[in-house]
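Inspection log for the structure reproduced underneath, given as structure tokens.
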Amino acid sequence: MSTQRPLAMVTGGSAGIGFELAAQLAGRGYDVAISGQSTRVHDSAERLREYGVEAYPLQADAATYDGVEAFWSHVADLGRPIAVACLNVGVGVGGASFAETDLDAELRMIGINCSGLVHMAKRVVRAMRTQQGERRILVVSSTSATTPTPYEPVYGPTKAFGFSFAESIREELRDEGIIVTALLPGATDSEFHANAGMGDTRFGDNSWKNDRTLVAQQGIEALLAGDDHVVGGDDATKQQVIDNRAMSEPEKATRQGALARPDQAPLMGTVTVGAPRAR
Ligand SMILES: NC(=O)c1ccc[n+]([C@@H]2O[C@H](COP(=O)([O-])OP(=O)(O)OC[C@H]3O[C@@H](n4cnc5c(N)ncnc54)[C@H](OP(=O)(O)O)[C@@H]3O)[C@@H](O)[C@H]2O)c1
């Protein structure tokens, strides 16, 4: 082991936005510890080593207390200060109305997106308080934090939880020099919507969505700049979050519900503001 390089950790870093966050950090000279649910986390670590840094993969289930603890131990056992922690792992459940969605899947989602977030943040914050030097935490929320999310009605609230949580601990940690930033991606090209059971909705088509590399780059740049939050995505995505501040909750619910319902026609042509950018 040995190295002067700073250490970063990324939960859910084996694919999607999390892998791109890890790649952004590796490209800036950070060694990276990544977790994933499947064995591909090891292949992802190999790809990160191509940046000339070390990567430390662990297959661990973020839906369980033991899984969160296992990844934390994996990082802590490296015996190095944690310069950057990206609390990224998250899942969705949608593709049906609340009356029809699976309760166990929703409780598991709350476990990953809320309980698991709090669990890992507790470990990271307490460790960082004993450290000196660079200490940054990126919480991956969503533009779904800024709107009701019919047809994935529990997902949006889990992301609102993450956003509020990030802004809250940011304030607490400000005077200690620990920076906390929330990343709110709009709809982004990854496996997320397919895994969320939303393949038959307008979110099933990845072609119109934000580029995950761009989203990750914006997240890391905001984290390094010390910003409180950043909307990840193109100008239309950012505008939609601005618009959300002025719209009523019922208006936003109607708009979002029309996009996330499973019986909608596929999107054709250019996506404009008002089309499914919010996630
Ligand atoms: N994509 C979007 O449109 C979008 C928009 C806004 C916010 N977000 C947020 O961005 C974050 C990342 O989403 P994504 O789009 O990158 O999703 P993704 O493509 O589905 O990737 C999810 C990542 O998390 C890992 N993961 C999933 N369940 C896990 C579990 N139980 N234990 C451990 N690891 C697990 C996956 O590991 P495996 O490699 O083993 O599958 C993968 O590395 C989430 O918090 C999501 O809420 C996404």
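We count ligands from 1, going down the list as the structure has it; atoms in each ligand are counted the same way.
Heavy atoms of K209 come nearer than 4.0 angstrom to ligand 1 in no pair at all. Using a non-hydrogen distance threshold of 4.0 Å, G162 does not register as a contact of ligand 1. Heavy-atom separations between A194 and ligand 1 are all 4.0 Å or longer. The closest approach between a heavy atom of Y155 and any atom of ligand 1 is below 4.0 Å. Within the structure, the closest approach of H193 to ligand 1 falls below 4.0 Å when heavy atoms are considered.
If you check the side chains of D243 and Q239, you find a donor sitting under 3.5 Å from an acceptor. A donor-acceptor contact under 3.5 angstrom links the side chains of H119 and E69, judged on distance only.
Between T254 and E251 the shortest side-chain heavy-atom distance does not fall below 4.5 Å. Side-chain atoms of Y51 and R28, non-hydrogen and from C-beta on, never get closer than 4.5 Å to each other.
When each atom of ligand 1 is checked for a heavy atom of S14 under 4.0 Å away, the hits are 36 (C), 37 (O), 38 (P), 39 (O), 40 (O), 42 (C), 43 (O). Atoms of ligand 1 lying under 4.0 Å from at least one heavy atom of G16, given by number and element, are 16 (O), 19 (O). Atoms of ligand 1 lying under 4.0 Å from any heavy atom of A187, numbered from 1 in the order shown and given with element: 3 (O).
For E20, no heavy-atom contact with ligand 1 is shorter than 4.0 Å. For I112, every heavy-atom contact with ligand 1 shorter than 4.0 Å involves the side chain, none the backbone. Looking at Q59 against ligand 1, nothing comes within 4.0 Å, counting heavy atoms. Neither the backbone nor the side chain of L184 comes within contact range of ligand 1; no heavy atom lies under 4.0 Å. Heavy atoms of I17 found under 4.0 angstrom from ligand 1 belong to the backbone as well as the side chain.
Residue contacts with ligand 1: A62 is placed with a nitrogen or oxygen under 3.5 Å of a nitrogen or oxygen of the ligand (distance criterion only).
Among residues two or more places apart in sequence or in another chain, the side-chain hydrogen bond (donor to acceptor under 3.5 Å, both in side chains) test is passed with Y151 by none. In this structure, F98 has no ring-ring contact (aromatic ring centres under 6.0 Å, His included) partners at least two apart in sequence or on a different chain.
Around atom CD of Q132, no more than 12 heavy atoms belonging to other residues, nucleotides or ligands sit under 6.0 Å away. Residue R129 qualifies as open at atom CZ: its count of foreign heavy atoms under 6.0 Å is 12 or below.
Distances from atom 33 (C) of ligand 1 to the heavy atoms of G12, A60, A145 put A60 nearest. The option with the heavy atom closest to atom 18 (P) of ligand 1, from among F192, F19, F71, is F192. Nearest residue to atom 26 (N) of ligand 1 from L183, T64, V89, V10 is V89 (criterion: closest heavy atom). Remark: among candidates G90, S141, S35, G67, the nearest residue to atom 7 (C) of ligand 1 is S141, based on non-hydrogen atoms.
With F19 as the aromatic partner, R47 meets the cation-pi criteria of under 6.0 angstrom to the ring centre and within 45 degrees of the ring axis.
A salt bridge links E134 with R136: the closest approach of a Lys/Arg side-chain nitrogen to an acidic carboxylate oxygen falls below 4.0 angstrom.
Separation of atoms CZ (R245) and NZ (K252) is listed at 10.0 Å; rounding is to 0.5 Å.
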